**Student:** 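Quick one: the structure is below, and I'll ask about it shortly.
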Amino acid sequence: MNKIILVGRLTKDPELQTTNNGTSLIRFNVACKSKLRDEDGEQKVDFFVCLAWREKAELIHKYCKKGSMLQISGSMGSRSYEKQDGTKQTIWEINVEDIEFLSSTNEESAEKKEK
(Lines give C-alpha, C1' and ligand atoms only; values in the text may rest on other atoms or scores of the structure.)
Protein backbone atom coordinates (compact mmCIF):
# COMPACT_ATOMS: atom_id res chain seq x y z
CA MET A 1 0.00 0.00 0.00
CA ASN A 2 1.27 3.48 -0.89
CA LYS A 3 -0.23 5.94 1.62
CA ILE A 4 1.26 9.05 3.19
CA ILE A 5 -0.23 11.52 5.66
CA LEU A 6 1.35 14.94 6.27
CA VAL A 7 0.56 17.82 8.57
CA GLY A 8 2.38 21.00 7.71
CA ARG A 9 2.33 24.56 6.44
CA LEU A 10 2.41 25.93 2.91
CA THR A 11 5.77 27.50 2.09
CA LYS A 12 4.29 30.06 -0.35
CA ASP A 13 0.98 31.15 -1.84
CA PRO A 14 -0.28 28.39 -4.17
CA GLU A 15 -0.71 29.19 -7.86
CA LEU A 16 -3.54 27.55 -9.78
CA GLN A 17 -2.66 26.22 -13.23
CA THR A 18 -4.78 24.80 -16.02
CA THR A 19 -3.77 22.02 -18.41
CA ASN A 20 -4.32 22.31 -22.16
CA ASN A 21 -7.60 20.41 -21.80
CA GLY A 22 -8.87 22.74 -19.03
CA THR A 23 -8.14 20.59 -15.96
CA SER A 24 -7.18 22.57 -12.84
CA LEU A 25 -4.01 21.61 -11.02
CA ILE A 26 -1.89 23.05 -8.28
CA ARG A 27 1.63 22.13 -7.21
CA PHE A 28 2.67 23.36 -3.77
CA ASN A 29 5.25 22.70 -1.05
CA VAL A 30 4.45 21.74 2.53
CA ALA A 31 6.93 22.15 5.39
CA CYS A 32 6.55 19.54 8.15
CA LYS A 33 8.36 19.58 11.47
CA SER A 34 10.45 16.50 12.13
CA LYS A 35 11.00 14.76 15.45
CA LEU A 36 14.74 14.90 14.67
CA ARG A 37 17.04 17.73 15.70
CA ASP A 38 20.27 18.94 14.11
CA GLU A 39 23.65 19.19 15.86
CA ASP A 40 22.68 22.61 17.29
CA GLY A 41 19.48 21.22 18.80
CA GLU A 42 17.23 22.93 16.26
CA GLN A 43 14.19 20.97 15.10
CA LYS A 44 14.57 19.77 11.51
CA VAL A 45 11.96 20.54 8.88
CA ASP A 46 11.12 18.31 5.90
CA PHE A 47 9.73 19.78 2.68
CA PHE A 48 7.33 17.87 0.44
CA VAL A 49 6.12 18.67 -3.08
CA CYS A 50 2.38 18.05 -3.40
CA LEU A 51 0.13 17.90 -6.46
CA ALA A 52 -3.67 18.34 -6.41
CA TRP A 53 -6.13 18.18 -9.29
CA ARG A 54 -9.56 19.54 -10.20
CA GLU A 55 -11.82 20.56 -7.27
CA LYS A 56 -9.11 19.97 -4.65
CA ALA A 57 -6.76 22.28 -6.56
CA GLU A 58 -9.42 24.98 -6.74
CA LEU A 59 -10.20 24.68 -3.00
CA ILE A 60 -6.53 24.96 -2.05
CA HIS A 61 -6.14 28.01 -4.28
CA LYS A 62 -9.26 29.64 -2.84
CA TYR A 63 -8.69 29.00 0.87
CA CYS A 64 -4.93 28.67 1.42
CA LYS A 65 -2.03 31.07 1.54
CA LYS A 66 1.58 30.90 2.68
CA GLY A 67 1.60 29.61 6.25
CA SER A 68 -1.77 27.83 6.09
CA MET A 69 -1.72 24.55 7.99
CA LEU A 70 -3.05 21.48 6.18
CA GLN A 71 -3.43 17.77 6.71
CA ILE A 72 -2.84 15.96 3.44
CA SER A 73 -3.22 12.31 2.64
CA GLY A 74 -2.32 10.71 -0.63
CA SER A 75 0.19 8.54 -2.39
CA MET A 76 3.86 9.11 -3.12
CA GLY A 77 4.82 9.03 -6.78
CA SER A 78 7.89 9.76 -8.86
CA ARG A 79 8.50 10.99 -12.35
CA SER A 80 11.73 11.34 -14.29
CA TYR A 81 12.91 13.67 -16.99
CA GLU A 82 16.13 14.60 -18.71
CA LYS A 83 17.61 18.00 -17.91
CA GLN A 84 19.14 20.24 -20.59
CA ASP A 85 22.63 19.06 -19.65
CA GLY A 86 21.59 15.44 -20.34
CA THR A 87 21.42 14.28 -16.73
CA LYS A 88 18.41 12.35 -15.51
CA GLN A 89 16.33 14.00 -12.77
CA THR A 90 13.77 12.19 -10.60
CA ILE A 91 11.10 14.13 -8.72
CA TRP A 92 9.04 12.68 -5.87
CA GLU A 93 5.58 14.17 -5.29
CA ILE A 94 2.61 13.55 -3.03
CA ASN A 95 -0.52 12.99 -5.13
CA VAL A 96 -3.19 14.56 -2.93
CA GLU A 97 -6.27 12.40 -2.36
CA ASP A 98 -7.75 14.08 0.74
CA ILE A 99 -7.12 17.42 2.38
CA GLU A 100 -8.21 19.00 5.64
CA PHE A 101 -7.78 22.71 6.27
CA LEU A 102 -6.43 23.06 9.81
CA SER A 103 -5.95 26.83 9.66
CA SER A 104 -5.58 29.66 7.24
CA THR A 105 -3.42 32.76 7.39
CA ASN A 106 -6.61 34.85 7.75
CA GLU A 107 -7.59 32.94 10.92
CA GLU A 108 -4.06 33.23 12.32
CA SER A 109 -3.96 36.99 11.64
CA ALA A 110 -7.30 37.45 13.44
CA GLU A 111 -6.07 35.42 16.44
CA LYS A 112 -2.92 37.56 16.72
CA LYS A 113 -4.98 40.79 16.61
CA GLU A 114 -7.28 39.56 19.41
CA LYS A 115 -4.36 38.93 21.81
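When reading the values below, keep in mind they use all heavy atoms of this one structure, side chains included, and skip hydrogens, waters and symmetry mates. Please read all numbers here as calculations on a predicted model, not as lab measurements.
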**Student:** Thr19 versus Trp53: any side-chain heavy-atom pair under 4.5 Å?
**Tutor:** yes
**Student:** Would the distance check show the side chain of Ser68 and the main-chain N or O of Leu10 forming a donor-acceptor pair, the cut-off being under 3.5 Å?
**Tutor:** no
**Student:** Quick check against the 3.5 Å criterion: does Asn95 have a side-chain atom that pairs as donor or acceptor with the backbone of Gly74?
**Tutor:** no
**Student:** Can you find a pair of side-chain heavy atoms, one from Phe28 and one from Val96, that are under 4.5 Å apart?
**Tutor:** yes
**Student:** Mark yes or no for whether Lys3, through its side chain, and Ser73, through its backbone, hold a donor-acceptor pair below 3.5 Å.
**Tutor:** no
**Student:** Hydrophobic clusters here meaning ILVMFWY residues chained together by side-chain heavy-atom distances under 4.5 Å, can you tell me if Val30 and Met76 are in one?
**Tutor:** yes
**Student:** Assigning hydrophobic clusters by single linkage (Ile, Leu, Val, Met, Phe, Trp, Tyr; side-chain heavy-atom cutoff under 4.5 Å), is Phe101 placed with Ile26?
**Tutor:** yes
**Student:** What distance separates Glu42 CD from Ser34 OG, expressed to the nearest 0.5 Å?
**Tutor:** 13.0 Å
**Student:** Going by the rule side-chain hydrogen bond (donor to acceptor under 3.5 Å, both in side chains), which residues pair with Thr23 if we only count those two or more places apart in sequence or in a different chain?
**Tutor:** Asn21
**Student:** So does Lys66 get a backbone contact from the side chain of Asp13, meaning a donor-acceptor N/O pair under 3.5 Å?
**Tutor:** yes
**Student:** What verdict does the side chain to side chain contact (heavy atoms under 4.5 Å, CB included) test give for Leu59 and Ile99, after you've listed the backbone C-alpha separation in whole Å, the side-chain angles of each residue and the deciding distance to 0.1 Å?
**Tutor:** CA-CA 10 Å; Leu59 286 172; Ile99 188 162; 5.8 Å; no
**Student:** Which heavy atom of Ala57 sits nearest a heavy atom of Ala52, and at what distance?
**Tutor:** CB-O, 3.5 Å
**Student:** Please name the pair of heavy atoms, one in Gly8 and one in Cys32, separated by the smallest distance, quoted to 0.1 Å.
**Tutor:** CA-SG, 4.0 Å
**Student:** Within this structure, what is the CD1-OG distance for the pair Ile91 and Ser78, rounded to the nearest 0.5 Å?
**Tutor:** 10.0 Å
**Student:** Please name the pair of heavy atoms, one in Ser24 and one in Glu58, separated by the smallest distance, quoted to 0.1 Å.
**Tutor:** OG-OE2, 2.7 Å
**Student:** Tell me, which pairs form a salt bridge (Lys or Arg N to Asp or Glu O under 4.0 Å) where one or both residues lie in residues 44-55, sequence neighbours left out?
**Tutor:** none
**Student:** Would you mind listing every side-chain hydrogen bond (donor to acceptor under 3.5 Å, both in side chains) that reaches into residues 82-94, with sequence neighbours excluded?
**Tutor:** Arg27-Glu93, Arg79-Glu93, Ser80-Thr90, Asp85-Thr87
**Student:** Nearest 0.5 Å, what's the CD1-CD1 distance between Ile60 and Ile72?
**Tutor:** 6.5 Å
**Student:** Is it possible for you to say whether Val45 and Val7 belong to one hydrophobic cluster, with membership spreading through side-chain heavy-atom contacts below 4.5 Å?
**Tutor:** no
**Student:** Grouping I, L, V, M, F, W and Y whenever their side-chain heavy atoms are under 4.5 Å apart, do Tyr63 and Leu6 come out in a common cluster?
**Tutor:** yes
**Student:** Looking at Glu15, I want to see if its CD is surrounded by more than 12 non-hydrogen atoms of other residues, nucleotides or ligands under 6.0 Å.
**Tutor:** no
**Student:** Minimum heavy-atom separation for Arg37 to Gln43, with atom names?
**Tutor:** NH1-N, 3.4 Å
